[in-house]
Amino acid sequence: MRAEILDFLRQNQGKYVSGEEISRELNVSRTAVWKHIRALKQDGYQIEAHTRAGYCLRGTTGRLLPEEIKAVLTTKVMGQEIYYYPQIGSTNNEAKKLAAGGCPEGTIVVAETQNTGRGRLARGWFSPYGKGIWMSVVLRPPFSPLEASKCTLMAAVAVNRVIRQVAGVYSGIKWPNDILFQGRKLVGILTEMSAEMDAINYVVIGMGINVNIEEREFPGEIAATATSLLAVSGREIDRRMFLAAILKELETAYHLVQTGGFTSILDDWRSQSITLGKNVDVIGPDHRYSGLAIDIDNEGALLVKTAQGVRKVLAGDVSIR
Ligand code: BTN
């Protein structure tokens, strides 16, 4: 009933509706209406109450509550199941548990903050409360584990498209899947997989999107290398609209990948890349070399032309000179 009352207020957003009208339209008692409105207010919905005129929804919670996301979601698969946490260790860890327990494809885990957000190469991920999109998406791609990197590349392309279109920030993709603006990181993507020899059980795509973080809020150790959409555009962004746009774009890209259209994703990746055509340093656990980044292959490996020939980078850190 809470969802129905909220929907009714949304349909009349900015207008007053009386308790009597809500009770009549939704076939619920006046006391129940009053109790639900009180609970919605406690959850942060800005609802004005007027003795005679009734209730008026002035604003939402600003949080990424499932009911908030669903109200603007236009997808068929992505985000049909939403697990929301005000606070969690890592959304990727939770998504992996849910995936192992058989949750449907497209399930998402989203949190306002992460205590132990994880990045690539065993690094941490700064995830301040209510300021970003800290989200993991569960996929069950029908292809071989060797092709799993398709998911990562497609996620980077989808998120980068939304950043350019919705936030108007001309960001680019740094291999393998960082999204940068003027050399500073806006988004990190951590893909994790469980697979047998010839089939994938699940892939979890974890995205950390720095949305409304103020420049001064970044801790010292990442202050020079990280940034946010707010910091570069000067505008606060509605996180739920942004999240819904990402899920839509991801769904479209995933559908394309599954119907033989991966080459067009790869072409988009190439055209949005800020790594290709640059001199790079490749730093692995037991090697370090430099060269010219010339392309990526179908497995998502970066091809680097060195004095000794073309080398294939599958993992590790690549920095642009
Ligand atoms: C990177 O190192 O660039 C990848 C960062 C990925 C961070 C996201 S935030 C949501 C999800 N949960 C995690 O613990 N990590 C990913």
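Because the structure is predicted, anything quoted here is derived from the model rather than measured. Atoms within each ligand, like the ligands themselves, are counted from 1 in listed order.
For ligand 1, the atoms sitting less than 4.0 Å from at least one non-hydrogen atom of Thr91 are 10 (C), 11 (C), 12 (N), numbered in the order shown with element in parentheses. Every atom of ligand 1 with a heavy atom of Asp178 under 4.0 Å away is listed here by number and element: 3 (O). Within ligand 1, the atoms closer than 4.0 Å to a non-hydrogen atom of Gly208 are 7 (C), 8 (C), 9 (S), numbered from 1 in the order shown. Shown in contact with Gly117 at under 4.0 Å from a heavy atom are these atoms of ligand 1, numbered in order with element: 14 (O). Those atoms of ligand 1 with a heavy atom of Gly119 less than 4.0 angstrom away are 1 (C), 2 (O), 4 (C), 5 (C).
Under the 4.0 Å criterion applied to side-chain N and carboxylate O atoms, Arg120 and Asp178 are not assigned as salt-bridge partners.
At under 3.5 Å, a nitrogen or oxygen of Ser90, whether backbone or side chain, sits near a nitrogen or oxygen of ligand 1.
For His50, the NE2 atom counts as loosely surrounded, since its 6.0 Å shell holds 12 or fewer non-hydrogen atoms of other residues, nucleotides or ligands. Within 6.0 Å of OH on Tyr129 lie more than 12 heavy atoms contributed by other residues, nucleotides or ligands.
In this comparison of Lys185, Met135, Arg123, Arg120, the heavy atom closest to atom 3 (O) of ligand 1 sits on Lys185. Nearest-heavy-atom check against atom 6 (C) of ligand 1 across Met207, Arg118, Glu94, Gln114 picks out Arg118.
Atoms CH2 and CG, from Trp125 and Leu190 in turn, are 10.0 Å apart once rounded to the nearest 0.5 Å. Taking NZ of Lys70 as the start and OG1 of Thr75 as the end, the distance is 9.5 Å to the nearest 0.5 Å.
At a heavy-atom cutoff of 4.0 Å, ligand 1 is contacted by no atom of Leu121, backbone or side chain.
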Distance-only criterion, 3.5 Å: show the donor-acceptor pairs between side-chain atoms of residues 96-117 and protein atoms not counting sequence neighbours.
unit_1: Lys96; atom_1: NZ; unit_2: Glu192; atom_2: OE2; d: 3.2
unit_1: Glu105; atom_1: OE2; unit_2: Arg140; atom_2: N; d: 2.5
unit_1: Glu105; atom_1: OE2; unit_2: Tyr254; atom_2: OH; d: 2.7
unit_1: Thr107; atom_1: OG1; unit_2: Pro104; atom_2: O; d: 2.6
unit_1: Glu112; atom_1: OE1; unit_2: Arg239; atom_2: NH1; d: 3.1
unit_1: Glu112; atom_1: OE1; unit_2: Arg239; atom_2: NH2; d: 2.8
unit_1: Glu112; atom_1: OE2; unit_2: Leu64; atom_2: N; d: 2.9
unit_1: Glu112; atom_1: OE2; unit_2: Tyr84; atom_2: OH; d: 2.8
unit_1: Thr113; atom_1: OG1; unit_2: Ser127; atom_2: O; d: 2.7
unit_1: Gln114; atom_1: OE1; unit_2: Thr91; atom_2: N; d: 2.8
unit_1: Gln114; atom_1: OE1; unit_2: Thr91; atom_2: OG1; d: 3.3
unit_1: Gln114; atom_1: NE2; unit_2: Ser127; atom_2: OG; d: 3.0
unit_1: Asn115; atom_1: OD1; unit_2: Gln87; atom_2: NE2; d: 3.4
unit_1: Thr116; atom_1: OG1; unit_2: Gly89; atom_2: O; d: 3.3

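Asn212 places a side-chain N or O within 3.5 Å of a backbone atom of Ile237 that can act as its donor or acceptor partner.
Nearest protein heavy-atom neighbour of atom 5 (C) of ligand 1: Trp125 CE3, 3.4 Å.
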